[in-house]
Amino acid sequence: MVCDRISARDLQALLRPGGPWAGVTCLETTDSTNLRAVEMAENGAPHGTVVVADEQTGGRGRLGRRWVSPPGRNIYVSLLLRPEIPNAEAPRLSLVAGIALADATEAAGVPGALKWPNDLYLGGRKAAGILSEMASGSERVRHVVVGVGVNVNLGEEEIPEEIRGKATSLRIRAGRAFSRVALLAGFLDAFAARYREFTAGGFPAVHPGWARRDFLRGRRVRILRPSGDAWGVARGVDEEAALLFQQDGSDAVERVHSGEIADFER
Ligand code: BTN
């Protein structure tokens, strides 16, 4: 079983020069890299601060769920960003991170699909998730922490029973182990490029990177959204990063800006 360490030196040596990365903190263990990054943000850490851990004891997922974070197997990373964008644009950064992650796994030989709003799927099972936490000013964003968890070398037997069959890893998908530090560098480089495109041209500039990997398009889904939950068909993601959703029995297509896919037909 591969159980390498991620060091800041190894990571920095692999990163493409000219990226936005201001400093990398690599921890052996922490409760949650998102919590560390939020703390650093509140203490004035700059845009481009990266926090990585080999293990999380309190890894946090969306909707208050836990994120399984055993040592030495996976990537747990949080990016502290201080983008000059209106508050309403900030949630799109999670989708930008998803696109960059798909770029990186594809470059490593494992093409994935993106499930709105921010999961990476391999072979119909979830391999990565993103949890973004934002602090907003009166109109513009103060900071955003984008937390990314990627199951890299996790073995089938290490997946908790309650999510077995629904979760996967790159190793399970590809049948071989990966260097976590190389994959992390690939993700940070890809994120730097996608972030540049996004800040210059908004979500439309990165939209094709999502659209060609859209996991849900044409699929029957059950959505939880502010107006309630419903079954229907996902019709794609638009250039404002909203999910296009056609509820069963309706001709209209709704634009859902925030929500969660509770279920989908395989
Ligand atoms: C999800 O529920 O799909 C989102 C999972 C996000 C997990 C990552 S791991 C790094 C960062 N630190 C955390 O505590 N959560 C995120």
Side-chain angles (χ1 to χ4, degrees), residues 6 8 11 21 24-42 45 49-81 90-102 104-105 112-122 124-135 143-154 158-160 162-170 180-181 183-185 187-188 191 215-216 221 223-224 243 258-264:
I6 295 179
L11 179 58
W21 310 117
V24 178
T25 301
C26 289
L27 304 166
E28 193 171 340
T29 183
T30 190
D31 47 0
S32 154
T33 57
N34 266 29
L35 288 179
R36 292 290 76 71
V38 166
E39 216 169 70
M40 290 165 92
E42 281 159 5
T49 297
V50 177
V51 185
V52 184
D54 280 314
E55 173 188 37
Q56 294 184 124
T57 53
R60 303 189 313 156
R62 273 165 56 86
L63 307 177
R65 290 188 283 248
R66 84 188 171 106
W67 187 255
V68 177
S69 309
R73 300 281 189 273
N74 301 325
I75 291 173
Y76 318 113
V77 61
S78 298
L79 314 178
L80 164 57
L81 306 171
R92 295 175 194 162
L93 280 167
S94 289
L95 284 85
V96 174
I99 296 167
L101 190 55
T105 66
L114 292 165
K115 174 173 165 275
W116 184 89
N118 39 30
D119 293 338
L120 180 77
Y121 270 60
L122 302 177
R125 290 155 65 179
K126 177 165 167 169
I130 298 171
L131 175 69
S132 292
E133 308 191 52
M134 128 183 195
H143 67 251
V144 182
V145 167
V146 178
V148 181
V150 190
N151 296 340
V152 180
N153 291 322
L154 200 68
E158 293 175 293
I159 298 176
E162 65 275 15
I163 53 171
R164 215 166 275 168
K166 290 187 174 167
T168 191
S169 70
L170 270 80
R180 291 182 304 137
V181 71
L183 198 68
L184 177 56
F187 165 64
L188 293 175
F191 185 86
F215 178 72
L216 296 177
V221 301
I223 192 165
L224 308 177
L243 179 74
S258 77
E260 177 79 9
I261 301 301
D263 208 351
F264 58 84

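We count ligands from 1, going down the list as the structure has it; atoms in each ligand are counted the same way. Quick note: residue numbers are just sequence positions, from 1.
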Subject >> Parallel, tilted or perpendicular: rings of Tyr121 and Phe264 (30°, 60°) >> reply: perpendicular
Subject >> Minimum side-chain heavy-atom gap Trp116-Ile223 below 4.5 Å >> reply: yes
Subject >> Contacts of Asp31 that satisfy salt bridge (Lys or Arg N to Asp or Glu O under 4.0 Å) - sequence neighbours left out >> reply: Arg36
Original post:
Side chains of Asn74 and Tyr76: donor-acceptor distance under 3.5 Å anywhere?
Top reply: yes
Subject >> atom 10 (C) of ligand 1: the protein heavy-atom neighbour that sits closest, reported with distance to 0.1 Å >> reply: Thr33 OG1, 3.2 Å
Original post:
What part of Ile130, side chain from CB on, backbone N/CA/C/O, both or neither, has a heavy atom under 4.0 Å from ligand 1?
Top reply: backbone
Original post:
Out of Lys126, Glu260, Glu133, who gets a non-hydrogen atom closest to atom 3 (O) of ligand 1?
Top reply: Lys126
Original post:
Where is the nearest protein heavy atom to atom 2 (O) of ligand 1: which residue, which atom, and how far?
Top reply: Arg62 N, 2.6 Å
Subject >> ligand 1-proximal atoms of Val77, by part, heavy-atom distance under 4.0 Å >> reply: backbone
Subject >> For atom 5 (C) of ligand 1, the protein heavy atom that lies nearest, with its residue and separation >> reply: Trp67 CE3, 3.4 Å
Original post:
Is there at least one pair of N or O atoms, one from Arg65 and one from ligand 1, spaced under 3.5 Å apart?
Top reply: no
**OP:** First locate atom CD of Glu162, then atom CZ of Arg164, and finally report the distance between them rounded to the nearest 0.5 Å.
**Re:** 9.0 Å
Subject >> Identity and separation of the nearest protein heavy atom to atom 9 (S) of ligand 1 >> reply: Gln56 NE2, 3.4 Å
Subject >> Identity and separation of the nearest protein heavy atom to atom 8 (C) of ligand 1 >> reply: Gly149 N, 3.5 Å
Original post:
What protein heavy atom sits nearest atom 15 (N) of ligand 1, and how far off is it?
Top reply: Arg60 O, 2.7 Å
**OP:** Return the set of residues passing salt bridge (Lys or Arg N to Asp or Glu O under 4.0 Å) with Arg65 (not counting sequence neighbours), or none when no residue passes.
**Re:** Glu260
**OP:** May I ask you to decide if Asn151's main-chain N or O and Ser169's side chain share a donor-acceptor pair within less than 3.5 Å?
**Re:** no
